[in-house]
Structure formats: structure tokens, C-alpha cells
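In what follows, a single structure is set out as C-alpha cells and then discussed.
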Number of protein chains: 2
Amino acid sequence: MLKGHLDAIVLAALEAGPAHGYAIIETIKSRSAGAFDLPEGTVYPALHRLEQAGLLSSAWTPPPGGRRRRVYSLTKAGTAALAEKRKAWGRFSQAVQTSLGGGRAWPA
Amino acid sequence: MLKGHLDAIVLAALEAGPAHGYAIIETIKSRSAGAFDLPEGTVYPALHRLEQAGLLSSAWTPPPGGRRRRVYSLTKAGTAALAEKRKAWGRFSQAVQTSLGGGRAWPA
DNA sequence: ATCCATACCTAGCATAACTAGGTATAGAGC
DNA sequence: GCTCTATACCTAGTTATGCTAGGTATGGAT
């Protein structure tokens, strides 16, 4: 379970530039060192949701000669949402950290 | 939304000693500096779930003269589960952190 | 020719946490 | 005495989220 942070992670994966769904899954897997190996059934609906919400836009790559791919890009609203979600993550993780007690934020 | 980490936070709130539901809510609120102001409808079912799972045990305080309270304590299994959940949180938050990119773990 | 990796999609399920109600007692203020 | 608030517990039903489990199709390697 990604516990409500999937949207932020997907948006972050697109920050470096447009990508298609399958590539996004790979990016997330490698960036998280394998921890987030997300099934397609998780990611594709999320992409649709994010596009619906106006945070992503998509375009099909021209199919003649190549395999069809839907390439997603961050919209302006998506970039803003990502920034907000990063802040929210910071607040959230800080709060969990102190709630779990046991002191320091990050074990060295 | 507590995003799946509620159980860990509740268990952590009981680590210092037994407490009743209402007090647990207060503890969580103060420990998180107000970030987690949980409705009772969130916490009570969680307590029941955790007791069902054998991670907590409960006892009613004797009602004569005082207000009825159900006091929860960590079981041995609960203590072990808390330790495991702390580790899981560490792994999870680390993975989110790197997935969100943007470098350093904690902005000073 | 067959298989696997790539690439997309959806319906339906499970779970989590919240909303929105309900009950009841103790103490403070009038 | 009466009312109001804080304390203290509970549950049914809603919502969102992510997953399972299926389906379709193409390109490249064997």
C-alpha cells in the first residue's frame, strides 16, 4: 500500500520530463530501490485520475512504426500540486515520526 | 487521513503505559503537535481491531464512584508489533523520500 | 512459430478512516 | 434544580484508495 502518497510519487516521477505509464512504473521502482513495485492496476487508474484532475496531460505517440504509448506530462497545476504534496509529506512524516516517539528523525 | 499508520501510532501511545481511549486521543494530538486530531470514530474501532488482533488487552475500570473507562494495555505481541511497525515506517518513509526526489531527507 | 517483455485497459474487491449519529456521567455556572 | 460542556464510550454507513485478476495487443528474441 502506498497509503495515499501515490499521487505525489507519480507526479514526482514526471518532474524530470514526460513519460509513458510503463516507464513511470519503472522509474518509481528504481527510485524507491525496489520498495514500490507497483502493479499496473494501481498506476494506470491513478494516471487517469490525475489527468481528470488537470494535473497531467497526455498524448498518444504516433503509432505508425512504433508501439502505441500514452505519454503524460505535468501541467502547471500538476507542478504546483507536487510542490504542495511535498510539503504535506514533510508535515505528515514529521508528525508520524514524533508520534512514534523514540527520538531522532532519521537514523544515520 | 492517517494513511495506514494509525495502528503504529496508537500502539506507540500506549508504550509508556496503559491508557483509556479518550486519553489516547489526547496523547496522539499532543505528540503530533495537533496534526493528528483524530475523531473518536477513527480511534475506537482501531482499538477494537487491535484488541481483536491480540496486540492490546483491555479492562474496565471499576465504575462505582467514577466514570466508566476502558483501559488498554500493550500485550507482548503488541510490543513486538510496534517494533516491527516502526521499522516498516522507516523503510516506507525512506522510500517515499527518495521517490519524491529533491535530495536531502529533511529540510533544515 | 512461439514466447516473453512491453504497453495499455477495466471491473470488482478489500481495507482504512471518516462522518454522523447515538448513549451516558461528572462538574461548572446560573 | 437546570443546563451546558467536557468526558467517555459506541456503531452503521459512506468514501477513497489501491489491489487482484482479468483482458487486449505489438515487437523482438529464440
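Computed over heavy atoms, backbone and side chain alike; hydrogens, waters and symmetry mates excluded. Here is the naming used below: chain letters follow the sequence lines, and residue numbers restart at 1 for every chain.
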Where the side chain of B/Leu6 is defined as all heavy atoms beyond and including C-beta, which of C/dA17, D/dT11, D/dT20 is the nearest nucleotide?
-> C/dA17
Specify the separation, in whole Å, of atom CD1 of A/Ile9 and atom P of D/dT17.
-> 14 Å
Indicate yes or no: does B/Glu15 engage B/Arg31 in a salt bridge with an N to O separation below 4.0 Å.
-> no
Quick one: B/Leu38 CG to D/dC9 C1', roughly how many Å, whole number?
-> 16 Å
Do the side-chain N or O atoms of B/His5 get closer than 4.0 angstrom to the phosphate oxygens (OP1, OP2) of C/dA16?
-> no
Whole-Å gap separating P (C/dA5) and NZ (A/Lys29) = 11 Å
Under 3.5 Å between N/O atoms: give me all the protein pairs with nucleotides 6-8 of chain D, atom names plus distance.
unit_1 : atom_1 : unit_2  : atom_2 : d
D/dT7  : O4'    : B/Arg67 : NH1    : 3.4
D/dT7  : O3'    : B/Arg67 : NH1    : 3.3
D/dT7  : O2     : B/Arg67 : NH1    : 3.2
D/dA8  : OP1    : B/Arg69 : NE     : 2.8
D/dA8  : OP1    : B/Arg69 : NH2    : 2.2
D/dA8  : OP2    : B/His20 : NE2    : 3.3

Working to the nearest 0.5 Å, report the span between OG of B/Ser32 and CG of A/Leu100.
-> 11.0 Å
How many Å lie between CG on A/Asp37 and C1' on D/dG18, as a whole number?
-> 14 Å
Is B/Gly41 touching bases, backbone alone, or none of the nucleic acid, heavy atoms closer than 4.0 Å?
-> base
From CZ (B/Phe36) to CD1 (B/Ile28), nearest 0.5 Å = 9.0 Å
Taking the six-membered ring for Trp, are A/His5 and A/Trp89 parallel (under 30°), tilted (30 to 60°) or perpendicular (over 60°)?
-> perpendicular
Looking at residues at least two apart in the chain, or sitting in another chain, which of them share a side chain to side chain donor-acceptor pair (under 3.5 Å) with A/Glu40?
-> none
CG of B/Leu47 versus P of C/dC18: gap in Å, rounded?
-> 13 Å
What's the CZ-P distance between A/Arg49 and D/dT15, to the nearest Å?
-> 17 Å
Nucleotide C/dA17, atom C1' - distance to NZ of B/Lys3 in whole Å | 12 Å
Value rounded to 0.5 Å, distance of NE2 in B/His20 from CD1 in B/Ile25 | 9.0 Å
B/Asp7 CG to C/dT15 P, straight-line distance once rounded to whole Å = 13 Å
The side chain to side chain contact (heavy atoms under 4.5 Å, CB included) partners of B/Pro45 (sequence neighbours excluded) come to none
